[in-house]
Amino acid sequence: MTLSEGKVRLKSGAKRASLTLLQAAAICLLAWLAHGLVLYFALPVPGGVVGLGVLLALLSLKWVPEKALQAGAAWLLGDLLLFFIPPVISVIQYEAMIEQYGARMLGFLVAGSVTVLLGTAWVVDKAFKFERGLHLARAGGRL
Amino acid sequence: MSHTSLALLSLVITLMGYYGAKRLYSRLGYWWAAPILLAPLLIIAAVLLLDIPLPSYFEYTHFLVLLLGPATIAFALPIYRERALIRRYPITLTLGVMAGLLLGLVSSWGLVKLFALPPEIGHSVLVRSVSTPFAMEATTAFGGVPELTAMVVLMTGVVGMLLCGPLFRFGRVRSSLARGVALGASAHGAGAAKAREYGEEEAVVASLTMIFTGIAMVLGAPVFALFLV
């Protein structure tokens with residue numbers, strides 16, 4: 001890589017980063033507005049879900065193009081894990097509790113995950129066969 | 001070290017631990033290097049070794065937690081992008097989301113009794129199957145502790161990621177829709193990441209299921225709490 005090539009790459013990297021940041025900031029602004037709306041009207045729905053609904057409506061009405069927020073949204077969703085690391089770290093204050101119940105919690109988690117994974121897959125398999133049947137019947141009716 | 005320098009150090013440790021683990025995983029690909037497992041372990045180890053007090057740790061890192069709200073809103077984009085799939089399988093997706101949500105809630109409730117977990121933990125684990133931004137929002141309705149909830153949600157993701165392969169073989173789960181919905185409903189973000197290994201359709205279905213179960217959990221939590229707490 002030549003020096004000028006490196007410069008170009010650095011420049012486009014900085015441009016992409018600032019675009020991502022700007023778009024993420026726009027989504028933060030929407031979050032803040034949605035939160036204000038919920039407080040003002042004392043809505044029983046949390047701000048995040050209201051904001052999600054508003055943004056979905058704006059996208060569907062084509063008032064906001066998908067491209068305008070894509071990079072920011074991709075960063076917020078791609079690095080979701082980073083945002084909840086602080087509360088996870090603070091479990092060290094529950095050390096005694098985890099030492100006492102850790103093994104049981106693991107058993108709880110395994111049993112729960114098996115239930116949800118198998119149970120949901122079974123329901124979806126049945127529902128899928130039914131819905132595919134509907135699609136086929138509809139397609140057959142048209143012939 | 002002073003409070004401020006410890007606080008700054010905590011932020012640096014958190015960012016480096018997270019992005020370092022992410023990079024390592026993309027290079028190595030071993031399951032134990034998955035950021036969901038490695039990043040918290042590295043950061044907890046550093047905080048304990050350096051003896052950083054929690055108030056110092058939170059001073060600057062709590063700004064990261066504030067981004068969970070905007071992240072919830074960002075879920076609007078994948079929903080919009082996959083509207084064709086939603087329109088094609090509305091019944092399957094709705095039933096899958098409902099089944100995943102109810103099985104998650106009811107199994108958690110029953111297993112808390114079975115394993116005799118104390119109320120502080122018991123109330124925090126009911127939302128374990130949904131994505132963190134939604135779980136953190138919903139857990140207060142059940143009287144849960146947000147920190148314990150965050151940890152249990154994280155561990156649920158890891159457990160689901162590790163169990164799904166053998167379970168799908170055992171249960172002969174082969175359709176992409178069933179795999180995707182099951183992973184999204186039981187292991188949220190980690191499940192959606194795992195679903196990508198099965199295929200693109202599995203990944204999309206898992207992400208959609210994760211988002212819808214999350215929304216349904218937040219909206220339904222006050223009602224579910226009447227029955228389960």
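Values reported hereafter were calculated over all heavy atoms of this structure, with side chains retained and with hydrogens, waters and symmetry mates removed. This one's a predicted model, so the numbers in the text were calculated from it and none came from an experiment. Below, chain A is the first sequence line, B the second, and so on; all start at residue 1.
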Ignoring hydrogens, what is the shortest heavy-atom contact between [X] and [Y]? Give both atom names and the distance.
X         : Y         : result
Thr120(A) : Leu103(B) : N-CD1, 3.6 Å
Leu59(A)  : Ala76(B)  : CD1-O, 4.0 Å
Asp125(A) : Ala178(B) : OD1-CB, 3.9 Å

Any donor-acceptor N/O pair, Glu131(A) side chain to Ile91(B) backbone, under 3.5 Å: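 Yes; judged by distance alone, with no hydrogens or angles, the pair exists.
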Residues, nucleotides or ligands: over 12 heavy atoms within 6.0 Å of Met97(A) CE: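 Correct, the count exceeds 12.
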Contact leader toward chain A among Pro35(B), Gly214(B), Pro90(B), where contacts are heavy-atom pairs under 4.5 Å: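 It is Pro90(B).
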Largest heavy-atom contact set with chain A, pairs under 4.5 Å, which of Val181(B), Thr132(B), Val173(B):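 Maximum pair count with chain A is reached by Thr132(B).
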Pick from Val54(A), Val45(A), Ile98(A), Leu80(A) with the largest number of heavy-atom pairs that fall under 4.5 Å of chain B: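 Heavy-atom pairs under 4.5 Å are most numerous for Leu80(A).
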Top contributor to chain B interface from Val50(A), Leu106(A), Val123(A), Leu58(A) [non-hydrogen pairs under 4.5 Å]: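 Most pairs with chain B among the choices: Val123(A).
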Heavy-atom proximity to chain B below 4.5 Å, by part of His135(A):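 For His135(A), side-chain heavy atoms alone lie under 4.5 Å from chain B.
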Could you state the interatomic distance from [atom1] ([X]) to [atom2] ([Y]), rounded to the nearest 0.5 Å?
X         : Y         : atom1 : atom2 : result
Gln93(A)  : Leu148(B) : CD    : CG    : 8.5 Å
Leu111(B) : Thr115(A) : CG    : OG1   : 6.0 Å
Lys129(A) : Thr92(B)  : NZ    : OG1   : 11.5 Å
Ile89(A)  : Thr61(B)  : CD1   : OG1   : 8.5 Å

Option among Tyr101(A), Tyr94(A), Phe108(A) that satisfies the side-chain contact (heavy atoms from CB on, under 4.5 Å) test with Ile121(B):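 Only one option passes, and that is Tyr101(A).
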Side chain to side chain, Val116(A) and Arg128(B), heavy atoms closer than 4.5 Å: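 Yes. Closest side-chain heavy atoms under 4.5 Å.
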Side chains of Leu55(A) and Tyr80(B) in contact at under 4.5 Å (non-hydrogen atoms):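 The answer is no, as the side chains (C-beta and beyond) never meet within the 4.5 Å cut-off.
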